[in-house]
Structures are given as structure tokens and as C-alpha cells.
Protein chains: 2
Amino acid sequence: MQEHLTIRLDKVIHQKARLGIMSILMVMEETEFNYLKERLKLSDGNLSTHLSTLEKEKYIKIKKKFVKKKPKTLCHLTEKGRQAFLEYMNNLEQIIKSMR
Amino acid sequence: MQEHLTIRLDKVIHQKARLGIMSILMVMEETEFNYLKERLKLSDGNLSTHLSTLEKEKYIKIKKKFVKKKPKTLCHLTEKGRQAFLEYMNNLEQIIKSMR
DNA sequence: ACAAAGCACTTTGTATTTCAAAGTAAATAT
DNA sequence: ATATTTACTTTGAAATACAAAGTGCTTTGT
């Protein structure tokens, strides 16, 4: 019987910018807006909306602080986000494995 | 010095449906429209446009035949498509490796 | 023989997503 | 006091995704 290769990859994570954000948050715990922007070479607006998307999905939590009277946006993964990312990676590895 | 993790993944391949199509074509050489449609659970229209996208990019070649007086659409990877897919997979593996 | 249904797609229109230009608000420099 | 910079958010235009509707042929039923 033919199995269905219906590629099961979380839509929210399967996007270059958001994959990058999640990747960084997996290893960085507490990360600044500007760090992500610089590291991923995203425009302000682009990063802002992607962070909102991830926040809406409850994959990340966004904290706003003031440091030296300037706003500072900090992001970190939620447990849900961590799980979603791990599952995404596992799915991806399965796909890659099935190719080899 | 901080490296830039600008995720470098071919936009044409980095999409669930097209990733599925390419994956199948990597192992199947000559594949029918309806096979892809069934295997990937895509609607006719959706598959049709994704195949056109891949064809426009010269990642696949589409042949049209008649079999028992019915149209039959066959697809196969081009060498360019194969290379693009391999590079996509390598990039993906790098990203995964960098996560572990 | 003729209409109705089926098959194998493609085209079209709508909905969603992406992304950067423009906007906001506060701080700092001139 | 005004201009510039910093740190974002909002908005609107463009691209993308997808399914409903359309096309053109064939087969089936009556």
C-alpha cells in the first residue's frame, strides 16, 4: 500500500525568517530585537510582523523594557515554541532521511 | 566576529507542496500528475500551479502525452532541479547540524 | 444518437502572506 | 528649539497559495 508523503511541516515555522528567529531563540534564550534584525538581516517592519506572528501562536514571549530610557524588546521561546521547533526539526530530518 | 545566520534556502523549493513534488521526483524519475496529486493530497489547481512554478524555474520538465485518448501529464526533474534540490537539502542539513 | 457524467487538467478570483515604506514616539545631538 | 537617531509598529502594495469554476475531450447511459 502506498503511503502518503503529505509533508507535515508547521506552517508558522516553515518560513525562512521565522525559522531563523526560532533557531536563534533555541540557543540564545533571551534575545533582543536589534540582535535578531542584524543577525538575520531583516527590515524592522519585517521582523516586527514575524515576531507578532510567533507571539500570536504562543511560540515566543515578548517582553518590553526600558534600558537607558530607550525601549528594548526581548524575546524568548515558550515551551510550546520549543516543542514545535523540535517537532519541525524531526519532521525535516525524516524527510531528509527518506531522500538519502 | 558574529557570523550572519541569513538562512539561505531556495525560495522555490522551500514550500511544502513543491518540496513534496521535488522529493518525489528525486526518486521517481517519471511521475504522473495524478500520482503527485494523490500522494501529496493536493487539489488539481494547486498542483497545476506549483508544477508551473517549478517548470518556469526550469527545475522540472513537463511532458504531455495521450494514453487511451486521455491526456497524461508527466513530470521529471531537470539537472538544474536536481542540483537545486541537493543544495537545498545540504543547506537544511547545515541548519539542523548548527542546532544540535 | 444525444445528453449526462467523468476525467485530466488550467484558469481565475479570493484570501492570505510577505515585506518594506511610511509612521510613531521618545531620546539625543546641534 | 529643531533636527536626527533609535527602536520599533502600522499600513499598503505585491506576491503567493489555493480552491472554485472553467475547458475540452471521452465514456457511459438511455
Side-chain angles (χ1 to χ4, degrees), chain A residues 4-25 30-57 59-76 84 88, chain B residues 4-25 30-57 59-76 84 88:
Chain A
H4 298 297
L5 183 152
T6 317
I7 295 208
R8 204 156 204 70
L9 290 174
D10 187 328
K11 203 182 180 185
V12 175
I13 300 179
H14 193 66
Q15 202 277 7
K16 282 152 62 150
R18 289 192 299 263
L19 182 55
I21 294 167
M22 295 290 279
S23 299
I24 291 175
L25 293 187
E30 201 80 335
T31 311
E32 291 175 29
F33 186 97
N34 281 326
Y35 176 83
L36 291 171
K37 175 186 156 190
E38 172 58 26
R39 188 97 187 272
L40 297 167
K41 298 290 181 207
L42 296 172
S43 69
D44 292 351
N46 199 1
L47 176 55
S48 181
T49 46
H50 284 308
L51 289 180
S52 294
T53 300
L54 291 171
E55 191 186 31
K56 224 174 277 168
E57 200 72 16
Y59 284 180
I60 67 171
K61 196 98 204 309
I62 299 179
K63 279 187 209 171
K64 276 154 201 308
K65 294 202 298 183
F66 280 89
V67 174
K68 285 187 191 178
K69 299 187 176 179
K70 284 181 193 167
K72 175 164 282 191
T73 295
L74 292 165
C75 320
H76 63 96
Y88 176 84
Chain B
H4 297 297
L5 182 153
T6 318
I7 295 209
R8 204 159 203 70
L9 290 174
D10 187 327
K11 202 181 179 182
V12 175
I13 300 179
H14 193 66
Q15 201 276 8
K16 282 152 63 153
R18 290 191 300 264
L19 181 54
I21 294 167
M22 295 291 279
S23 299
I24 291 175
L25 294 187
E30 199 81 334
T31 311
E32 293 175 29
F33 186 96
N34 280 328
Y35 176 83
L36 291 172
K37 177 186 154 189
E38 171 59 26
R39 188 97 188 272
L40 297 167
K41 299 290 182 206
L42 296 173
S43 69
D44 293 353
N46 197 2
L47 176 55
S48 182
T49 44
H50 284 308
L51 289 179
S52 293
T53 300
L54 290 171
E55 191 186 31
K56 224 174 275 167
E57 200 73 17
Y59 284 0
I60 69 171
K61 196 99 204 306
I62 298 178
K63 279 187 209 171
K64 276 153 202 308
K65 293 203 300 187
F66 279 89
V67 174
K68 287 189 191 175
K69 299 188 176 177
K70 284 181 195 169
K72 175 165 283 192
T73 296
L74 293 164
C75 320
H76 64 96
Y88 176 84

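All chains are named by letter (A, B, ...) in the order of the sequence lines, taking the proteins before the strands, and each is independently numbered beginning at 1. Fair warning: this is a prediction, and the values are worked out from it, not measured in the lab.
- If you check every strand for non-hydrogen atoms under 4.0 Å, B/Lys37 touches nothing.
- Listed nucleotides D/dT6, D/dT9, D/dA17 differ in distance to A/Asp44; the shortest reach to its side chain belongs to D/dT9.
- Rounded to an integer number of Å, the gap from A/Glu32 CD to D/dT6 C1' is 13 Å.
- Of the two residues near DNA chain D, A/Thr49 and B/Thr49, the one whose nearest nucleotide lies more 5' is A/Thr49.
- For the OP1/OP2 pair of D/dC18 and a distance below 4.0 Å, the side-chain nitrogens and oxygens of B/Ser43 include no atom meeting the criterion.
- Atom CG in A/Asn46 sits about 18 Å away from atom P in D/dA13, given to the nearest Å.
- The shortest side-chain heavy-atom distance between A/Leu51 and A/Ile21 falls under the 4.5 Å cut-off.
- In this structure, the NE2 atom of B/His50 is 11 Å from the C1' atom of D/dA19, given to the nearest Å.
- Considering B/Asp10, B/Leu54, B/Leu40 in turn, B/Leu54 is the only one that fulfils the side-chain contact (heavy atoms from CB on, under 4.5 Å) rule with B/Arg18.
- Side chains of A/Phe33 and A/Ile62 form no contact here, defined as non-hydrogen atoms less than 4.5 Å apart.
- Map B/Asn34 and A/Lys68 each onto its nearest nucleotide of DNA chain C; the residue landing nearer the 5' end is B/Asn34.
- The separation between B/Arg18 atom CZ and D/dT16 atom P is 8 Å, rounded to whole Å.
- Think of the region where chain A sits on DNA chain C: with heavy atoms and a 4.0 Å cut, that region ends 5' and 3' at C/dT17 to C/dT28.
- Taking only side-chain atoms of B/Lys11, from C-beta outward, the nucleotide of D/dT9, D/dA17, D/dT16 with the closest atom is D/dT16.
- Judged by distance alone, the side chain of A/Lys65 and the main-chain N or O of A/Leu74 form no donor-acceptor pair under 3.5 Å.
- Straight-line distance from the CD atom of A/Glu38 to the P atom of D/dA7: 12 Å, rounded to whole Å.
- Between A/Ile24 and A/Tyr35, some side-chain heavy-atom pair lies under the 4.5 Å cut-off.
- Among the protein residues, A/Lys16 comes within range of no part of the nucleic acid, since none of its heavy atoms lies under 4.0 Å from any strand.
- For the residue pair A/Asn46/A/His50, the side-chain donor-acceptor check at 3.5 Å is satisfied.
- Within the nucleic acid shown, A/Lys65 has no heavy atom closer than 4.0 Å to any nucleic acid atom.
- One can place CG of A/Leu42 at 14 Å from P of D/dT9, the figure rounded to the nearest angstrom.
- The backbone N or O of A/Leu9 sits less than 3.5 Å from a side-chain atom of B/Lys16, completing a donor-acceptor pair.
- Rounded to an integer number of Å, the gap from B/Leu36 CG to D/dC18 C1' is 17 Å.
- Side-chain nitrogen and oxygen atoms of B/Gln15 include at least one within less than 4.0 Å of the OP1 or OP2 phosphate oxygen of D/dC18.
- If you take CD1 of A/Ile7 and P of D/dA17, they are 14 Å apart, rounded to a whole angstrom.
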